[in-house]
Amino acid sequence: MSSNKKLFIQTLGCQMNDTDSQHIAAELEKHKDYSQTDKMEDADLIIINTCSVREKPVQKLFSEIGQFNKKKKEGAKIGVCGCTASHLGKDIIKRAPYVDFVVGARNISKIKDVVDIKGSVEIDIDHDESTYEFATAKTNKYRASVNISVGCDKKCTYCIVPSTRGDELSIPPEMIVDQVQKSVDMGAVEVMLLGQNVNSYGRRFSDGREKSSFTKLLQEVSKVEGLERIRFTSPHPLHMDDEFIEEFARNKKISRCIHMPLQSGSTSILKAMKRGYTKEWFLNRTEKIRSLVPDLRITTDIIVAFPGETEEDYQDTLDVVRQAKFDQIFNFKYSPRPGTEALKLADIEVPDEIGSARLIELIELHKRHLEAIMPTYVGQTLNVLVESLKPNGEICGFTDNYLQVFAKGSDELLGKFVNIKITDNTRTSLKGEIVQ
């Protein structure tokens with residue numbers, strides 16, 4: 001018998017938030033008989049799952065919940081979850097008394113307990129969810145996301161995440177493998193392993209077991225029958241040792257795309273960011289992994305105009321971009337985040353107009369690279385996992401190295417691997433024809 005209670009979730013931010021939202025929905029369906037709706041006006045419960053990483057998350061949050069409060073049906077509850085919830089806690093309810101409860105990013109397992117308690121605030125960043133078995137999210141997607149750790153031990157001076165998600169704990173490998181198996185049994189052929197720093201996996205377990213490694217976890221996950229492709233995000237460049245890179249290269253189930261967050265190409269700025277590696281180390285790692293995986297695509301994050309960034313520092317970043325030949329860059333201009341060490345560097349902030357000019361130049365440099373590299377795929381035949389059908393009758397999917405490809409097709413191809421001969425390209429995607 002289907003539920004009469006409807007849940008609407010608005011997810012802001014990263015992939016980990018998406019997975020947290022899936023956990024929230026699954027927990028509330030299993031324990032509180034809620035079913036999801038994509039119409040906010042129909043919902044009995046509205047949850048905003050927040051992110052604190054980017055600029056102005058607080059303003060965005062209160063703008064969102066204000067709009068929801070105006071449009072929600074009478075009697076509907078509003079809850080705030082995620083990183084901004086961890087950061088602001090009870091202040092959210094003080095500023096917006098119509099919010100019914102607040103649940104921090106490290107307390108998602110408590111959602112079933114607080115949903116019926118008006119004014120409840122659960123934001124303990126020391127709460128241990130690493131051994132909690134979440135209800136299995138029901139999804140029609142052909143890829144699944146599985147958390148492999150909670151929290152973060154890094155102290156990057158620009159980042160608020162450690163203060164909202166707590167110290168890092170690894171989820172036991174048998175729980176991860178079991179979740180992957182359940183996802184495959186439900187139709188997934190690809191899994192995304194998620195953690196703030198995936199390749200520091202295994203350093204600390206809450207049950208006191210011996211240390212392990214991300215390389216060993218990849219080997220165990222790859223044994224799951226029916227699983228075709230493994231992806232993960234994000235590895236930390238500091239921990240990309242030779243053992244990890246060699247496993248990446250030889251394990252045929254691992255996607256030929258890797259996210260390597262650079263942040264800056266300047267060794268002095270990397271030191272100020274407390275990233276733990278140098279420009280030379282980063283380039284050494286990209287060179288080694290490209291030498292072993294010729295069809296590899298590398299994506300990255302870059303922050304320009306970090307406090308104290310000189311023109312020479314910025315040119316170092318451009319130099320790394322030219323050498324590493326990134327296939328996708330998530331570019332950001334530095335913005336101060338509350339509760340971070342970098343706030344103390346306000347006296348050496350880069351003028352806004354210089355930061356904006358640097359960001360534009362970086363974007364244009366990367367555009368020129370894409371305009372040169374994307375046409376080289378035309379004429380090739382690529383194997384694509386079909387994930388969606390568009391209203392115009394085109395299928396959309398991704399290659400093993402995570403190129404987005406479109407082609408004419410039907411819904412019977414969903415979840416299948418097909419060969420597509422590429423006939424055209426843009427800077428960010430490819431188009432082709434299915435071949436037998």
Side-chain angles (χ1 to χ4, degrees), residues 15 148-149 152-159 168 192-203 211-219 222 230-304 306 313-332 362 365-366 369-370 373 400-403:
Q15 244 171 330
I148 69 168
S149 63
C152 180
D153 283 349
K154 298 300 181 188
K155 304 298 180 186
C156 301
T157 57
Y158 54 83
C159 184
E168 183 177 318
M192 169 69 86
L193 304 177
L194 293 173
Q196 297 297 331
N197 293 300
V198 291
N199 51 351
S200 64
Y201 175 84
R203 292 177 60 231
K211 292 183 178 182
S212 186
S213 72
F214 186 52
T215 298
K216 289 179 182 176
L217 179 66
L218 288 172
Q219 292 167 347
S222 66
I230 300 169
R231 299 179 62 231
F232 51 82
T233 195
S234 291
H236 195 292
L238 179 62
H239 303 298
M240 292 183 64
D241 56 24
D242 288 352
E243 181 187 41
F244 163 74
I245 288 177
E246 288 160 9
E247 176 65 24
F248 183 97
R250 68 172 164 258
N251 191 324
K252 299 303 181 185
K253 285 193 175 182
I254 297 176
S255 169
R256 307 291 91 178
C257 181
I258 189 168
H259 187 68
M260 293 178 61
L262 170 65
Q263 306 305 358
S264 174
S266 162
T267 295
S268 64
I269 294 298
L270 289 170
K271 184 177 180 180
M273 290 177 167
K274 291 191 176 178
R275 291 292 289 168
Y277 53 86
T278 63
K279 171 185 179 181
E280 290 73 24
W281 170 259
F282 188 92
L283 285 171
N284 176 274
R285 297 294 84 187
T286 59
E287 288 166 8
K288 181 173 179 64
I289 198 168
R290 281 203 188 277
S291 71
L292 295 175
V293 188
D295 58 342
L296 179 72
R297 296 179 72 245
I298 300 177
T299 64
T300 197
D301 299 327
I302 295 177
I303 299 170
V304 300
F306 185 80
D313 293 324
Y314 170 64
Q315 289 301 323
D316 275 338
T317 295
L318 296 185
D319 184 48
V320 174
V321 170
R322 294 186 184 100
Q323 291 191 59
K325 296 180 170 32
F326 297 115
D327 296 278
Q328 187 174 17
I329 303 177
F330 299 94
N331 302 286
F332 307 97
L362 177 60
L365 174 63
H366 186 235
H369 168 68
L370 294 179
I373 196 69
D400 188 43
N401 59 357
Y402 217 60
L403 280 161

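The basis for the numbers below is simple: all heavy atoms, side chains too, and nothing from hydrogens, waters or symmetry mates.
Not counting sequence neighbours, Asp241 has no partner by the side-chain hydrogen bond (donor to acceptor under 3.5 Å, both in side chains) test. Remark: Phe248 engages no residue in a ring pair (Phe, Tyr, Trp, His ring centres under 6.0 Å) (not counting sequence neighbours). Residues forming a salt bridge (charged side-chain N to carboxylate O under 4.0 Å, His left out) with Arg285 (at least two apart in sequence, or on another chain): Asp242. Here Ser222 pairs with Ile230, Asn251, Lys253 under the side-chain contact (heavy atoms from CB on, under 4.5 Å) rule; sequence neighbours left out. Legend: residues meeting salt bridge (charged side-chain N to carboxylate O under 4.0 Å, His left out) with Lys216, ordered by chain and number and at least two apart, are absent. In this structure Glu168 satisfies the salt bridge (charged side-chain N to carboxylate O under 4.0 Å, His left out) test with no other residue, sequence neighbours excluded. Applying the side-chain hydrogen bond (donor to acceptor under 3.5 Å, both in side chains) test to Asn331 and every residue at least two apart in sequence or in another chain returns nothing. Residues that satisfy the side-chain contact (heavy atoms from CB on, under 4.5 Å) test with Thr278, not counting sequence neighbours, are Thr267, Glu280, Trp281. Thr299 pairs by the side-chain hydrogen bond (donor to acceptor under 3.5 Å, both in side chains) definition with His259, not counting sequence neighbours. Remark: Tyr314 pairs with Glu361 by the side-chain hydrogen bond (donor to acceptor under 3.5 Å, both in side chains) rule, at least two apart or across chains. For His236, the ring pair (Phe, Tyr, Trp, His ring centres under 6.0 Å) criterion is met by His239, Tyr277, not counting sequence neighbours.
Here the closest heavy-atom approach between residue Asn199 and residue Phe214 is recorded as CA-CB, 3.6 Å. In terms of heavy-atom proximity, Ala324 sits nearest to Leu283 at N-CD2, 4.5 Å. Considering every non-hydrogen atom in both Gln263 and Met273, the closest pair reads CB-SD, 3.8 Å. Contact detail for Leu238 and Gly276: the closest heavy-atom pair is CD1-O, 3.1 Å. When all heavy atoms of Asp313 and Ser266 are compared, the closest pair comes out as OD1-OG, 2.7 Å.
Residues Lys154 and Gln196 are not in side-chain contact: their nearest non-hydrogen atoms beyond the backbone lie 4.5 Å or more apart. No side-chain heavy atom of Asp301 sits under 4.5 Å from any side-chain heavy atom of Ile303. Residues Leu194 and Ile148 are not in side-chain contact: their nearest non-hydrogen atoms beyond the backbone lie 4.5 Å or more apart. Using a 4.5 Å heavy-atom cutoff, the side chains of Val198 and Thr233 are not in contact. Contact annotation: the side chain of Phe282 approaches that of Leu262 to within less than 4.5 Å [non-hydrogen atoms, C-beta and beyond]. In this structure, Thr215 and Tyr201 have side chains that are not in contact, with every pair of non-hydrogen atoms separated by 4.5 Å or more. Within the 4.5 Å cutoff, side-chain heavy atoms of Pro261 are placed close to those of Arg275. Side-chain contact between Asp153 and Arg203 is present, with at least one heavy-atom pair separated by less than 4.5 Å.
Sorted by first and then second residue, the salt bridge (charged side-chain N to carboxylate O under 4.0 Å, His left out) pairs involving residues 316-325 (not counting sequence neighbours) are Lys279-Asp316, Lys279-Asp319.
Rounding to the nearest 0.5 angstrom, the gap separating the CG atom in Asp400 from the OG atom in Ser255 is 5.0 Å. Once rounded to the nearest 0.5 Å, the distance linking CD1 of Ile258 with OH of Tyr402 reads 15.0 Å. Here the CD-CG distance, from Glu287 to Leu292, works out to 12.0 Å after rounding to the nearest 0.5 Å. If you take OG1 on Thr157 and NZ on Lys271, they are separated by 12.5 Å, rounding to the nearest 0.5 Å.
Side chain to side chain, Asn197 and Ser234 fail the donor-acceptor criterion of an N or O pair below 3.5 Å.
Between Arg250 and Glu247 there is a salt bridge, since a side-chain N of the basic residue sits under 4.0 Å from a carboxylate O of the acidic one. Salt bridge absent: Arg256 and Asp327 never bring a charged side-chain N and a carboxylate O closer than 4.0 Å.
Under the 3.5 Å distance criterion, the side-chain polar atoms of Arg231 are left unmatched by any main-chain donor or acceptor of Leu193. The main-chain N or O of Asp295 is found under 3.5 Å from a side-chain atom of Asn401 such that the two form a donor-acceptor pair.
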Notebook entry, point to check: Should Gln328 and Phe326 be marked as a side chain to side chain contact (heavy atoms under 4.5 Å, CB included) after you check the CA-CA gap, both sets of side-chain angles, and the distance that decides it?
Noted result: CA-CA 6 Å; Gln328 187 174 17; Phe326 297 115; over 6 Å; no
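Checking each of Ile329, Thr317, Val321 against Leu365 for a side chain to side chain contact (heavy atoms under 4.5 Å, CB included) leaves exactly one that passes, namely Val321.
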